[in-house]
Amino acid sequence: MNNLELSEQEIIRRKSLEELRKLGIDPYPAEEYKTTHHSTDIKEQFNEEENNLQDVVIAGRIMSRRIMGKASFAEIQDSEGRIQIYLNRDELCPGEDKTLYNTVFKKLLDIGDFIGIKGSVFKTQMGEITVEAKELTVLSKSLRPLPIVKEKDGKVYDAFSDPEMRYRQRYVDLVVNPEVRETFKKRTLLIQTIRNFFNSFGYLEVETPVLQPIPGGAAASPFVTHHNALNIPLYLRIANELYLKRLIVGGYEGVYEFSRNFRNEGMDRTHNPEFTALEIYVAYKDYNWMMDFTAKMVEEVAMALHGKTEVQVGDRIIDFKTPYPKVTMTDAIKEHTGFDISGMNEDQLREVCDKLDIEYDDSMGKGKLIDAIFGEKCEHHYIQPTFITDYPVEMSPLCKKHRENPELTERFELFVNGHELANAYSELNDPIDQRERFEEQVKLLEKGDDEAMYIDYDFLRALEYGMPPTSGMGIGIDRLTMLMTNSPSIQDVLFFPQMKPEKKPEKDGKEKFIELGIPEAWIPVIQKAGFLTVKALKEANPNKLHQDICGLNKKFKMGLKNPSKEDVAGWIA
RNA sequence: GACUCAAUAGCUCAGCUGGUAGAGCACAUCCCUUUUAAGGAUGGGGUCCUGGGUUCGAGCCCCAGUUGAGUCACCA
């Protein structure tokens with residue numbers, strides 16, 4: 001057995017595994033293990049006077065052990081939480097044979113192993129509700145030691161906190177950090193709340209293509225792939241907007257989708273290459289209706305997760321109680337910069353940018369310039385939920401023109417904590433206007449704006465058949481979850497955030513070493529000494545190599561016959 | 001992409017001007033009675049991220065790289 005790559009603790013656990021098998025105990029049994037209670041049920045239901053719960057079965061992972069001669073305490077963690085168990089040698093092993101306690105529990109089980117306990121509930125002198133074990137079943141042996149996190153009066157000791165390890169080995173993070181499990185439960189509850197809210201209106205949850213021939217509906221850089229049978233490029237969707245609108249054309253009154261979108265752009269605390277957006281489209285509505293609907297939805301989510309509308313986010317309290325104030329983009333800019341941009345042309349806007357010390361470049365049209373002013377000077381002021389409305393037409397190629405001012409669109413964004421959270425329109429359903437707007441986008445493309453949209457002719461064809469007046473809204477589920485769970489980073493609300501691949505050191509197979517005349521038994525020793533490839537080995541100092549591997553042989557009690565210096569020199573000559 | 005910071009035992013972290021690598025938890029052996037971030041005794045465990053350089057001597061200083069975190073830029 002090659003144990004050189006394992007830590008001491010891993011070797012000990014593998015030995016324990018073998019010992020269990022020798023005792024006739026299967027460390028990975030196949031049978032169903034029927035439990036009667038979760039840890040939390042027992043803690044809630046046990047009543048000392050009634051002396052109830054005298055026959056319970058629980059299962060979970062051993063998270064701590066305190067062994068004192070013929071009595072021990074341990075904590076078992078199941079999906080709901082932890083509960084203490086008490087093991088008394090003579091209760092667990094009433095007969096002559098004390099192996100189950102003395103050997104199996106005390107020596108062969110470890111923190112991290114899954115066990116099942118059948119027993120009765122009581123309260124210790126310390127007042128802790130505890131299950132006294134009458135039977136113990138090994139359910140699964142753990143071969144790697146878990147990080148040990150201890151907690152006393154809410155204070156956490158030796159937290160498992162390294163972000164890289166937490167994200168790469170999320171399973172470990174989930175085992176030892178209960179608040180992480182809680183965050184993801186909240187994420188699911190959030191999605192369920194929104195789904196129930198929409199369903200209560202009779203809107204239909206749908207699925208639309210992830211692989212799209214034209215990546216439309218947003219301004220972003222897509223991932224490209226290739227379909228072999230069709231021999232065409234396909235794009236992973238950056239949005240699902242244009243497909244959902246086709247469904248409104250088809251006659252549904254309301255459709256929504258939780259859409260996993262993919263954008264081939266930078267990654268940081270608020271951006272992951274794949275993320276979840278929610279989009280909903282409702283016929284015969286406008287953006288005023290959608291504002292109230294959105295606010296109601298967000299309020300409902302806050303209530304479902306927290307039981308109240310106030311939510312702690314960082315060092316602020318954000319109150320999601322409706323209604324939310326509505327501010328037009330022009331008024332917002334006027335308020336925070338003193339400039340009234342209404343009716344300004346591109347040159348005048350550039351002047352404003354100069355005066356406000358905002359950078360811009362020549363590819364930026366009116367829309368982007370206004371966006372830059374807003375982003376720089378206004379956005380961060382909107383901490384409490386606020387709707388910003390009536391965006392310039394250049395910024396919103398899929399949005400209906402404002403009913404009172406053709407320079408503007410009927411669009412709003414919901415800002416919370418200084419960031420955009422949701423985006424919504426009275427959807428553009430005039431096919432001729434839509435065609436012109438797409439053509440404007442193409443001009444922007446030619447001007448060098450690499451985010452401008454491509455023309456989706458099938459979508460235009462759909463609009464030409466007629467789409468009822470419709471309002472649509474999109475919201476970032478990850479970012480909403482970040483707000484609602486007070487998580488500062490998107491990685492904290494994604495189970496498996498995208499990471500750079502772990503790189504493994506290059507390592508030659510054993511054939512290559514055998515070719516040099518090295519006995520097979522010595523190969524792991526050589527690799528343990530740091531020579532993973534034949535190439536590296538060839539550059540080694542033969543004297544040092546000889547000393548190193550003989551030393552390892554002794555240290556790990558390998559019992560191999562040491563080669564001579566000449567042998568070693570011969571291998572690498 | 002730029003800058004700043006970090007990487008030491010399974011985990012959390014110390015480590016003095018540059019002089020033989022440390023603690024707590026975990027692990028092993030032993031003692032022990034309903035204990036609680038259990039206690040006591042003893043012990044094992046390290047490629048100090050990698051590669052160069054300076055030096056009699058590098059965990060520490062210098063250079064380059066890897067990975068991560070943060071700030072900014074870009075991006076919703």
Side-chain angles (χ1 to χ4, degrees), chain A residues 6-13 15-16 63-75 82 84-89 91 106-107 110-112 122-128 130 132 142-169 172 176-177 218-221 238-239 261 263-273 275 277 359 361 368 371-372 375 379 395 413 415 419-423 450-451 474-476 478-479 488-491 499-503 505 527-532 536 548 552 555-557:
Chain A
L6 301 174
S7 70
E8 184 193 21
Q9 291 189 43
E10 290 173 293
I11 293 167
I12 289 165
R13 284 176 181 232
K15 279 188 185 143
S16 299
M63 295 305 286
S64 71
R65 290 196 306 166
R66 300 183 285 279
I67 295 171
M68 301 157 292
K70 63 179 186 180
S72 299
F73 287 90
E75 273 182 300
R82 292 189 184 186
Q84 178 165 273
I85 58 170
Y86 170 67
L87 299 103
N88 180 294
R89 186 187 64 199
E91 291 289 330
K106 277 170 68 173
K107 296 200 194 292
D110 291 287
I111 289 174
F122 74 108
K123 203 177 235 180
T124 63
Q125 288 170 9
M126 299 299 294
E128 183 89 14
T130 302
E132 175 167 3
S142 156
L143 296 181
R144 280 180 191 262
L146 285 169
I148 306 295
V149 179
K150 291 194 169 169
E151 195 213 316
K152 165 84 169 173
D153 299 332
K155 199 177 166 196
V156 175
Y157 299 79
D158 299 333
F160 176 68
S161 56
D162 179 48
E164 182 176 6
M165 276 203 286
R166 286 187 46 223
Y167 302 145
R168 283 197 195 282
Q169 301 188 45
V172 175
V176 303
N177 292 328
S221 162
I238 55 175
N261 295 342
R263 298 189 182 176
N264 204 343
E265 291 166 351
M267 292 163 56
D268 60 29
R269 208 176 59 245
T270 56
H271 295 82
N272 195 65
F275 64 98
E359 287 182 33
D361 63 63
K368 283 220 155 193
D371 195 31
E379 196 173 283
M395 287 172 71
E413 292 191 325
F415 281 82
H419 297 284
E420 176 211 335
L421 183 63
N423 182 20
D450 53 11
E451 298 178 352
I475 184 165
D478 310 293
R479 295 201 185 157
S489 158
I490 199 170
Q491 294 168 310
M499 307 278 285
K500 280 196 193 178
E502 268 179 283
K503 65 162 200 217
Q527 293 188 331
K528 174 75 176 174
F531 303 102
L532 296 177
D548 282 353
L552 286 167
K555 181 172 165 187
F556 287 95
K557 303 188 177 86

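What you are looking at is a predicted structure, and each value in this text was computed from that prediction instead of being measured. Note on naming: letters A, B, ... go to the chains in the order of the sequence lines (proteins, then strands), and numbering restarts at 1 for each one.
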For A/Met68 and B/rU36, what is the distance between atoms CE and C1' respectively, to the nearest whole Å?
9 Å
Go through the N and O atoms of the side chain of A/Thr124 and the base of B/rU36, and report whether any donor-acceptor pair is under 3.5 Å.
yes
According to a strict under-4.0 Å criterion, is A/Lys107 in side-chain N/O contact with OP1 or OP2 of B/rC30?
yes
Can you tell me the distance, in whole Å, between the CG atom of A/Asn272 and the C1' atom of B/rC75?
14 Å
Using a cut-off of under 3.5 Å, enumerate the N/O to N/O pairs linking the protein to nucleotides 68-71 of chain B.
{"unit_1": "B/rU71", "atom_1": "OP1", "unit_2": "A/Arg269", "atom_2": "NH1", "d": "3.2"}
{"unit_1": "B/rU71", "atom_1": "OP2", "unit_2": "A/Arg269", "atom_2": "NH1", "d": "2.6"}

Let me know the distance between CD of A/Gln169 and C1' of B/rG10, rounded to the nearest Å.
11 Å
Who pairs with A/Asn88 by side-chain hydrogen bond (donor to acceptor under 3.5 Å, both in side chains), at least two apart in sequence or on another chain?
A/Tyr86
With hydrogens left out and only the distance checked, is there a donor-acceptor pair under 3.5 Å joining A/Gln84's side chain and the base of B/rU35?
yes
Using the test side-chain contact (heavy atoms from CB on, under 4.5 Å), find all partners of A/Ile148 that sit at least two apart in sequence or belong to another chain.
A/Ile111, A/Lys150
Under 3.5 Å, is there a donor-acceptor pair between the side chain of A/Glu379 and the main chain of A/Glu420?
no
Using modelled atom types and a 3.5 Å cut-off, is there a donor and acceptor pairing between side-chain atoms of A/Arg65 and backbone atoms of A/Asp110?
no
Is it true that, when you exclude A/Arg144 itself, more than 12 heavy atoms of the residues, nucleotides or ligands shown sit nearer than 6.0 Å to its CZ?
no
Counting only side-chain N and O atoms of A/Arg66, is one of them less than 4.0 Å from OP1 or OP2 of B/rU35?
no
